[in-house]
Amino acid sequence: MEKAHQVLESTDGTISVASTFAGHQEVVGDKDHKFLSKAVEEAYNGVESGDGGPFGAVIVCNDEVVVSCHNMVLHDTDPTAHAEVTAIREACKKLGKIELSDCEIYASCEPCPMCFGAIFLSRIKRLVYGAKAEAAIAIGFDDFIADALRGTAYYQKAHLEVIRANGNGAMIAEQVFEKTKEKFQMY
């Protein structure tokens with residue numbers, strides 16, 4: 001069976017879920033907004049602390065937060081210490097395993113190809129993100145970050161749900177970039 005890889009958006013403030021199985025979609029609400037808001041809060045925390053860029057990620061298992069992390073690139077002097085990668089590393093340590101197939105990840109922004117690769121390799125079953133990559137690109141981040149979820153990677157075979165928030169969830173996630181651009185300098 002051919003897998004679908006689709007991100008759906010709605011206009012009424014709900015989040016549409018695009019499953020990797022063709023033709024399957026559902027609308028989700030409060031739970032996703034709650035955890036996405038926590039990821040956005042982490043994005044602000046990362047900039048305020050000087051740890052890195054305005055990106056946050058939360059990993060959830062059975063509706064409980066396992067870890068809540070932000071970008072640590074500057075703090076760790078590590079270009080791979082993105083919020084999603086940091087969250088995956090911390091969750092694996094905390095849970096004592098290298099696959100997170102019973103977990104979901106909430107990211108304040110559309111993941112870059114590296115982060116999407118880490119999400120895929122960790123076997124996380126579901127991704128919910130807030131801001132589109134263009135919000136990060138608009139303040140100076142590389143435009144290649146949009147490649148991961150847009151179907152530009154020919155051999156990419158994802159087996160997880162990919163959800164993009166809309167309405168208030170997307171708006172608060174996208175505001176992180178505008179509100180932190182004076183405090184966070186790219187290089």
Subject >> salt bridge (Lys or Arg N to Asp or Glu O under 4.0 Å) contacts touching residues 56-72 (sequence neighbours left out) >> reply: K31-D63

Subject >> Pairs touching residues 165-179 that satisfy salt bridge (Lys or Arg N to Asp or Glu O under 4.0 Å), sequence neighbours left out >> reply: R164-E174, E178-K181

Minimum heavy-atom separation for [X] and [Y], please, with both atom names.
X	Y	value
G50	L74	O-CB, 3.8 Å
A131	A135	CB-CB, 4.2 Å
L36	A165	CD2-CB, 3.3 Å
C109	A133	SG-CA, 4.2 Å
N71	G53	OD1-N, 3.2 Å
N166	H33	O-CE1, 4.3 Å

Hey, is the main chain of [Y] close enough, under 3.5 Å, to the side chain of [X] for a donor-acceptor pair?
X	Y	value
D51	M72	no
S108	G56	yes
E110	K132	no

Original post:
If you look only at pairs with a residue in residues 59-81, which of them pass as a ring-ring contact (aromatic ring centres under 6.0 Å, His included), with sequence neighbours excluded?
Top reply: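 ring-ring contact (aromatic ring centres under 6.0 Å, His included) check on residues 59-81 returns no pairs.
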
Subject >> All salt bridge (charged side-chain N to carboxylate O under 4.0 Å, His left out) counterparts of K34, not counting sequence neighbours >> reply: none

Original post:
With sequence neighbours left out, what residues match E41 under side-chain contact (heavy atoms from CB on, under 4.5 Å)?
Top reply: N45

Original post:
Residues in side-chain contact (heavy atoms from CB on, under 4.5 Å) with T180, at least two apart?
Top reply: Y44, V47, P54, V176

Identify every side-chain donor-acceptor pair in residues 90-99 under 3.5 Å, counting partners at least two apart or on other chains, and give the distances.
from	atom 1	to	atom 2	distance (Å)
K94	NZ	V66	O	2.8
K97	NZ	D102	OD1	3.2
K97	NZ	D102	OD2	3.2
E99	OE1	S101	N	3.0
E99	OE1	S101	OG	2.6

[Y] reachable from [X] in the ILVMFWY side-chain graph, under 4.5 Å edges:
X	Y	value
Y106	V65	yes
I172	V128	no
I119	I59	yes
V40	F35	no

Subject >> Test: E104 and K125 ion pair at under 4.0 Å >> reply: no

Can you give the donor-acceptor pairs under 3.5 Å from side chains of residues 80-87 to other protein atoms, not counting sequence neighbours?
from	atom 1	to	atom 2	distance (Å)
T80	OG1	D78	OD1	2.6
T80	OG1	D78	OD2	3.2
T80	OG1	R89	NH2	3.1
H82	NE2	P79	O	3.2
T86	OG1	A81	O	3.3
T86	OG1	H82	O	2.9

Subject >> Q175 side, atom CD; M171 side, atom CE - distance, nearest 0.5 Å >> reply: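 Atom-to-atom, Q175:CD and M171:CE are 5.0 Å apart.
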
Original post:
How long is the gap from OG on S37 to CG on D30, to the nearest 0.5 Å?
Top reply: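 Going from the OG atom of S37 to the CG atom of D30 covers 10.5 Å.
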
Original post:
What's the verdict on side chain to side chain contact (heavy atoms under 4.5 Å, CB included) for I88 and I124, showing C-alpha distance, side-chain angles and the deciding distance?
Top reply: CA-CA 9 Å; I88 289 167; I124 288 174; 4.0 Å; yes

Original post:
For F55, what residues pass the ring-ring contact (aromatic ring centres under 6.0 Å, His included) criterion, not counting sequence neighbours?
Top reply: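 Counting only residues at least two positions away or on another chain, F55 forms a ring-ring contact (aromatic ring centres under 6.0 Å, His included) with F141, F177.
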
**OP:** Applying side chain to side chain contact (heavy atoms under 4.5 Å, CB included), run through R126 and D32 and close with a yes or a no.
**Re:** CA-CA 11 Å; R126 190 164 178 264; D32 287 332; 2.8 Å; yes

